Amino acid sequence: MDTSAYQRRLNFASIKTSKMQNRNKNWTISQIPKSNSGLAVITGSTEGVGYEDALALSSSGWNVIMMGRNAQKGAESIAKIHRINPKAKLSFEKIDLADLSSIKAFASRMISKGQAIDLLINNAGVMTPPKRMETADGFELQFGTNHIGHFALTAQLLPLLRKSPGARVVTASSVANREGRINFDDLQSSSAYIPMKAYGQSKLANLMFALELQRQSEKHGWGITSIASHPGVSRTNLLITGAGRWSVAGISRTLLPFLFQPPAQGALPTLYAATSPEAKGGMYYGPNKMMETRGFPAIAKIPAQAEDVNASLKLWKLSEELANVEF
């Protein structure tokens with residue numbers, strides 16, 4: 001898809017934003033179409049927004065593979081959902097998105113089963129560890145987990161996504177992408193590590209990946225719809241486990257809970273992108289109120305840096321090299 005055509009899509013989306021906000025301002029999980037056979041794979045789904053995604057989809061009939069690093073938490077999350085919906089079809093797969101070998105092992109298990117994947121939700125994330133940390137492969141932890149991990153996972157699951165007519169990939173970004181910049185000279189924050197700056201870069205990369213994946217799908221005829229979403233500001237454990245409970249963000253999360261919407265509300269834009277017939281490829285959805293920090297699903301504003309098609313393609317090619325994958 002050429003740059004001018006993509007820009008026309010963005011302009012069209014901008015014109016339609018207010019109309020969509022009005023039409024879908026009360027979109028809820030009750031509007032998820034029922035599915036009796038679809039397979040959904042969700043990263044980081046043992047808690048927070050990812051857990052709410054798994055709960056809502058399994059309650060609507062989807063077969064859901066919940067993914068995380070901790071098998072015990074996975075079993076507890078499945079048991080919790082089964083107490084709510086005994087008929088939910090759930091399983092757990094252990095994966096560490098900070099380890100390319102773990103991603104490859106999971107993808108190999110899935111490929112060997114051969115079942116088509118109808119929905120992949122790239123949800124897991126690491127947020128603002130106070131000190132620079134690295135993945136098993138030497139990437140800065142946030143860039144390596146949030147972007148490279150999901151990039152590698154999507155690439156390796158591509159054959160199974162292509163087996164499904166109308167497969168969707170939904171990649172979670174964040175309002176933090178607004179201040180994000182892709183530092184091609186220091187992608188791994190080796191020269192200077194600033195936690196929020198590195199986080200913003202990783203979430204901008206998530207958004208750029210989602211938009212470029214749609215362009216690549218259209219270019220190569222993969223038949224996959226790629227959509228980005230963000231949860232606004234939601235009350236999850238990301239702040240606690242990332243920056244720490246006694247960071248400014250962690251204290252705000254603990255003492256000012258009214259500033260954060262519940263995870264179930266934060267999950268709505270992702271669920272809308274994943275299931276609504278009106279959700280479109282190459283679009284970005286988030287909450288519709290208070291500068292997209294809370295509310296119901298609506299078209300989100302794409303920051304100018306994410307609209308740079310050349311930079312997105314450069315990031316795509318570099319990511320293929322770093323992750324040692326090809327689409």
Side-chain angles (χ1 to χ4, degrees), residues 9-33 44 47-53 55-57 60 121-123 125 127-128 168 170-180 196 199-200 203-204 206-207 210-211 227-240 242-243 248-307:
R9 172 182 289 174
L10 293 174
N11 292 338
F12 175 79
S14 178
I15 293 171
K16 294 294 184 180
T17 297
S18 60
K19 183 180 292 187
M20 185 236 172
Q21 287 175 335
N22 290 332
R23 183 170 65 249
N24 294 310
K25 64 180 179 180
N26 293 320
W27 190 93
T28 67
I29 58 173
S30 65
Q31 292 167 260
I32 296 177
E47 62 182 352
V49 169
Y51 168 84
E52 297 296 339
D53 292 338
L55 172 60
L57 290 172
S60 298
I121 299 181
N122 291 322
N123 164 78
M127 183 178 181
T128 59
R168 293 190 190 188
V170 180
T171 301
S173 186
S174 165
V175 292
N177 66 30
R178 297 169 181 171
E179 303 302 320
M196 185 53 75
Y199 180 69
K203 301 314 288 184
L204 175 60
N206 284 148
L207 176 56
L211 301 180
I227 307 173
S229 67
H230 77 82
V233 179
S234 298
R235 193 164 54 248
T236 72
N237 284 332
L238 260 185
L239 293 173
I240 300 295
V248 172
I251 292 171
S252 298
R253 157 71 169 80
T254 303
L255 300 181
L256 303 172
F258 57 87
L259 295 178
F260 301 81
Q261 61 179 357
Q265 189 75 20
L268 292 182
T270 294
L271 291 167
Y272 177 87
T275 67
S276 174
E278 295 186 4
K280 305 300 180 184
M283 299 300 292
Y284 182 35
Y285 299 97
N288 64 346
K289 296 179 180 178
M290 294 181 65
M291 298 180 66
E292 300 183 15
T293 60
R294 61 197 307 113
F296 293 88
I299 294 173
K301 180 177 175 55
I302 298 175
Q305 56 271 33
E307 296 179 7

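Note that the structure is a prediction, hence the values are computed from the model and not measured.
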Between E292 and R178, is the closest basic N to carboxylate O distance under 4.0 Å? yes
Can you sort out the partners of [X] under side-chain contact (heavy atoms from CB on, under 4.5 Å), two or more places apart, ordered by chain and number?
| X | answer |
| --- | --- |
| A228 | L207, A210, Y284 |
| P33 | T275, P277 |
| Q305 | R181, L204, P303 |
| M290 | T293, R294 |

Judged by atom type as modelled, is there a donor-acceptor pair below 3.5 Å linking the side chain of [X] to the main-chain atoms of [Y]?
| X | Y | result |
| --- | --- | --- |
| N123 | G44 | yes |
| N288 | F296 | yes |
| E52 | G266 | no |
| Q31 | T28 | yes |

What are the two closest non-hydrogen atoms of [X] and [Y], and how far apart are they?
| X | Y | result |
| --- | --- | --- |
| T270 | S229 | OG1-OG, 2.7 Å |
| A56 | I32 | CB-CD1, 4.0 Å |
| G295 | P287 | N-CB, 3.7 Å |

Within this structure, what is the [atom1]-[atom2] distance for the pair [X] and [Y], rounded to the nearest 0.5 Å?
| X | Y | atom1 | atom2 | answer |
| --- | --- | --- | --- | --- |
| K203 | M127 | NZ | CE | 9.5 Å |
| L271 | S276 | CG | OG | 11.0 Å |
| M283 | I227 | CE | CD1 | 9.5 Å |
| I121 | T171 | CD1 | OG1 | 10.0 Å |
| Y199 | E179 | OH | CD | 14.0 Å |

Which residues pass the side-chain hydrogen bond (donor to acceptor under 3.5 Å, both in side chains) test with Q265, sequence neighbours left out? none
Partner residues of D53 under the side-chain hydrogen bond (donor to acceptor under 3.5 Å, both in side chains) criterion, sequence neighbours left out: none
Residues which pass salt bridge (Lys or Arg N to Asp or Glu O under 4.0 Å) with R168, listed by chain and number, not counting sequence neighbours: none
What pairs with Y51 under ring pair (Phe, Tyr, Trp, His ring centres under 6.0 Å), at least two apart in sequence or on another chain? none
Check whether any side-chain heavy atom of N122 sits under 4.5 Å from a side-chain heavy atom of V170, and report yes or no. no
Return yes if a side-chain donor-acceptor contact under 3.5 Å exists between S173 and N206, otherwise no. no
Determine, using ring centers only, whether W27 and Y272 are less than 6.0 Å apart. yes
